[in-house]
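To keep things clear, I will list the structure first and then write my remarks on it.
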Number of protein chains: 2
Amino acid sequence: MMETFPGKRRPTGLDAGGRIGMAERAATIKDVAAAAGVGIATVSRVFSGTGAVAAGTRERVLAAAADLGYRPSALGRGLRTARSGGIGLIVPDVTDPFCAELTAGVLACARTLGGHVVVDAAHGDPAREAEILDRLVEQRVDGIIAVPAGDESGWRGAARVCPRLVFADRALPGLPEVPAVLADDAGGVRALVEYLAGLGHRRIAYLGAAAPGATPGVRERAFRDAHAPAGLVLDEDLVVPARPARDAAYAAAAGLLQRRDDVTAVLAAGHLLGEAAVLVARELDLRVPADVSIAMVDDVAWAELCDPPLTAVARPARDMGYRACELLLRDRARRGPAGPVLLPTELVVRGSCGALRSARPGGRPSGRSRPHAETIR
Amino acid sequence: MMETFPGKRRPTGLDAGGRIGMAERAATIKDVAAAAGVGIATVSRVFSGTGAVAAGTRERVLAAAADLGYRPSALGRGLRTARSGGIGLIVPDVTDPFCAELTAGVLACARTLGGHVVVDAAHGDPAREAEILDRLVEQRVDGIIAVPAGDESGWRGAARVCPRLVFADRALPGLPEVPAVLADDAGGVRALVEYLAGLGHRRIAYLGAAAPGATPGVRERAFRDAHAPAGLVLDEDLVVPARPARDAAYAAAAGLLQRRDDVTAVLAAGHLLGEAAVLVARELDLRVPADVSIAMVDDVAWAELCDPPLTAVARPARDMGYRACELLLRDRARRGPAGPVLLPTELVVRGSCGALRSARPGGRPSGRSRPHAETIR
DNA sequence: CCTTTCGATGGAAACGTTTCCATCTTGCCG
DNA sequence: CGGCAAGATGGAAACGTTTCCATCGAAAGG
């Protein structure tokens with residue numbers, strides 16, 4: 001059992017100076033079999049859990065393996081079983097709190113199902129998205145979860161190559177056959193509009209993300225559609241799009257708030273837009289919510305730290321990731337035309353939206369001396 | 001239904017009929033070779049870029065490959081070359097802004113070097129850390145970047161098994177042989193203490209992360225050490241540790257601020273602690289910075305959104321990730337005792353720290369009516 | 001006591017690559 | 001005009017696993 005490793009120690013010659021410990025070469029199943037005095041098939045059976053192995057034999061194998069520091073190679077196994085146990089996750093940006101939360105959900109689910117996750121960020125670039133996808137396919141991941149950046153044609157081709165594909169957060173209208181896990185953004189926006197309307201606001205501005213191409217803006221449509229039922233009339237001039245970047249968002253918010261001083265409430269369709277709104281309001285010396293109310297979609301951590309804390313629509317990012325992963329890995333069998341999974345959102349009311357005094361139905365006070373309007377919480 | 005997805009129809013690989021159309025089964029190098037009328041070695045040479053191939057042959061191979069939708073399998077290649085091209089990243093929490101930023105850096109670097117990244121979160125649990133590590137080794141990643149959670153003994157064993165290991169953000173004192181990329185936290189904390197002392201603060205509290213076991217607290221030591229040079233005397237009662245979790249941080253901050261109303265400044269050793277300090281201050285109706293100044297380590301996004309914006313020490317998280325990855329993948333050759341890479345931090349002064357009126361050198365005003373102290377920016 | 005059956009085990013063939021080595025063309029130089 | 005070098009190419013052996021299949025032994029049933 002002592003028998004040192006035979007031949008071939010440093011295939012590539014790298015790493016010339018000895019490494020920290022020993023580990024001449026990683027032990028293989030063959031080494032373990034030899035050390036335990038059994039066949040490799042038996043070792044495989046012990047580790048893969050398949051088939052029957054006598055208790056005594058199993059112990060011997062385990063002991064030998066532990067002794068040699070043996071770890072089965074996922075490469076060998078993957079090659080044989082045509083299954084890597086990995087799943088790919090493509091998000092726009094790992095730094096984005098929403099994406100990060102979604103990622104956490106995916107990780108949690110993958111963990112329970114015994115898989116690993118290969119993450120990459122496409123930064124909204126379709127070319128980069130395609131490239132990442134390519135790499136993932138090459139890695140033979142078992143499935144891919146993507147928050148697609150709107151380039152429909154790219155994904156159409158992808159859907160054919162992909163082992164399994166699930167969209168999260170956004171779906172592509174042209175690809176209804178790809179399962180998707182979405183938040184009920186429309187419901188969230190509607191709730192927000194209703195809430196603001198209920199506070200007396202009549203001129204609500206919408207700061208929205210200008211989708212690069214495809215997405216027709218579920219949120220924007222919801223914003224529009226919510227007007228009539230709430231007794232509001234839509235002012236097209238108050239629907240302002242912005243590229244999903246900090247500078248663009250800031251510019252859009254600044255433009256809006258400077259151009260229209262009759263706006264009493266801003267609905268930001270994302271945390272980046274919300275951030276911009278808060279910053280611009282501060283820059284313009286507008287008090288929140290006295291001078292202008294602000295609310296946004298995405299209840300990120302800083303919403304609570306703001307002063308005043310920001311009213312927001314919470315979307316279950318983590319759950320979405322979890323569900324997407326589950327959809328990918330678990331339900332291999334049933335495939336209904338079930339349509340996308342829609343997860344509920346929740347309106348979290350904080351202090352950033354004030355009631356409008358009915359005495360002055362339209363318009364925001366011009367001076368700074370106006371007393372605080374009633375705030376919730 | 002048409003059975004939309006190509007979900008592996010022939011588990012045993014029989015592939016009965018001729019597969020002319022699209023990918024019944026993923027095309028292999030053999031298929032391409034046959035289609036192009038060449039040997040598999042030639043196909044391999046075309047795709048791996050090694051060896052010489054006649055221009056005409058190359059074209060034929062490429063055409064055949066494109067036709068068949070061939071993607072070389074990373075599993076086969078990895079098995080043969082004993083190199084997966086993947087790197088593992090273990091962070092405490094992907095949701096944490098710092099970790100997310102670090103991850104982004106790793107992704108960026110891996111991308112340029114043509115590798116993929118397997119991410120997982122250990123949530124400060126050594127057992128989980130070990131488990132993740134195990135999986136990564138099993139995946140045969142080429143290297144691992146970890147933000148270790150302090151369990152030294154666990155990592156000691158790991159360092160032996162690991163292909164290559166680099167620590168980021170934290171190093172383990174017992175494992176000096178593991179390369180590390182760190183931020184100059186000590187310098188940051190020192191700068192913060194000096195800054196606060198310069199504003200006239202004499203009783204500065206330290207809200208620090210209580211490392212579960214090992215880490216002796218570089219930041220805490222720096223905090224202590226900075227006192228004398230700044231002409232301050234350390235009050236042990238003002239050094240309060242907290243587990244790195246929201247509730248614990250909040251409890252610690254609340255305890256501190258309620259117990260000691262003579263504290264005029266709080267130095268939070270992390271953004272979670274900073275968050276807690278801000279929240280508690282608000283809860284206790286303490287005005288920032290009039291009643292208490294707050295500053296923290298880690299310049300996360302919300303620091304600027306706070307009211308007032310928070311003074312913070314910025315640490316180059318993204319760079320750290322990038323450098324760590326570089327260290328892992330690039331410099332296979334030179335291994336000096338170079339010691340950890342130390343990246344500089346930067347003090348970002350915002351409005352959360354006020355100058356203390358010399359008229360009332362010690363102690364924070366008890367009432368709320370005190371006028372604002374001078375604020376910077 | 002013989003036969004049947006079943007559990008435990010080992011051998012060997014795949015899985016899809018890369019790469020060594022041998023073979024076959026050429027083109028070139030002497 | 002012959003031999004040789006060099007370029008192009010194909011065959012085949014590994015890489016580390018799983019799994020089919022065959023073998024062997026023993027227990028159980030007759």
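The chains referred to below are lettered A, B, ... by the order of the sequence lines, with proteins before strands, and numbering in each begins at 1. Reckoned from all heavy atoms, side chains included, excluding hydrogens, waters and symmetry mates.
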**Request:** Confirm from the modelled atom types if B:Arg45 and D:dG10 form a donor-acceptor pair under 3.5 Å, side chain to base only.
**Result:**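 Indeed there is one.
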
**Item:** Electrostatic pair A:Arg135:A:Glu131 at N-O distance under 4.0 angstrom
**Value:**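 No, no charged N to carboxylate O under 4.0 Å.
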
**Asked** Is the shortest distance from a Lys or Arg side-chain nitrogen in B:Asp134 or A:Arg71 to a carboxylate oxygen in the other one below 4.0 Å?
**Response**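 Yes, this pair counts.
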
Contact class for [X] vs. all strands (heavy atom < 4.0 Å): base, sugar-phosphate, or nothing?
X	answer
A:Ala54	sugar-phosphate
B:Arg58	nothing
A:Gly56	nothing
A:Gly76	base
A:Leu75	nothing

It should be established whether [X] places a side-chain nitrogen or oxygen under 4.0 Å from OP1 or OP2 of nucleotide [N].
X	N	value
B:Arg80	D:dA14	no
A:Ser44	D:dT17	no
B:Ser73	C:dT17	no
A:Thr57	C:dT9	yes

**Asked** What does the inter-axis angle of the helix from C:dC1-D:dG30 to C:dG30-D:dC1 come out as, five pairs per end, nearest 10 degrees?
**Response**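 Result, rounded to 10 degrees: 50°.
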
**Request:** Report yes or no: does B:Arg45 contribute a side-chain atom to a donor-acceptor pair with the main-chain N or O of B:Thr50 at less than 3.5 Å?
**Result:**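 Judged by distance alone, no pair lies under 3.5 Å.
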
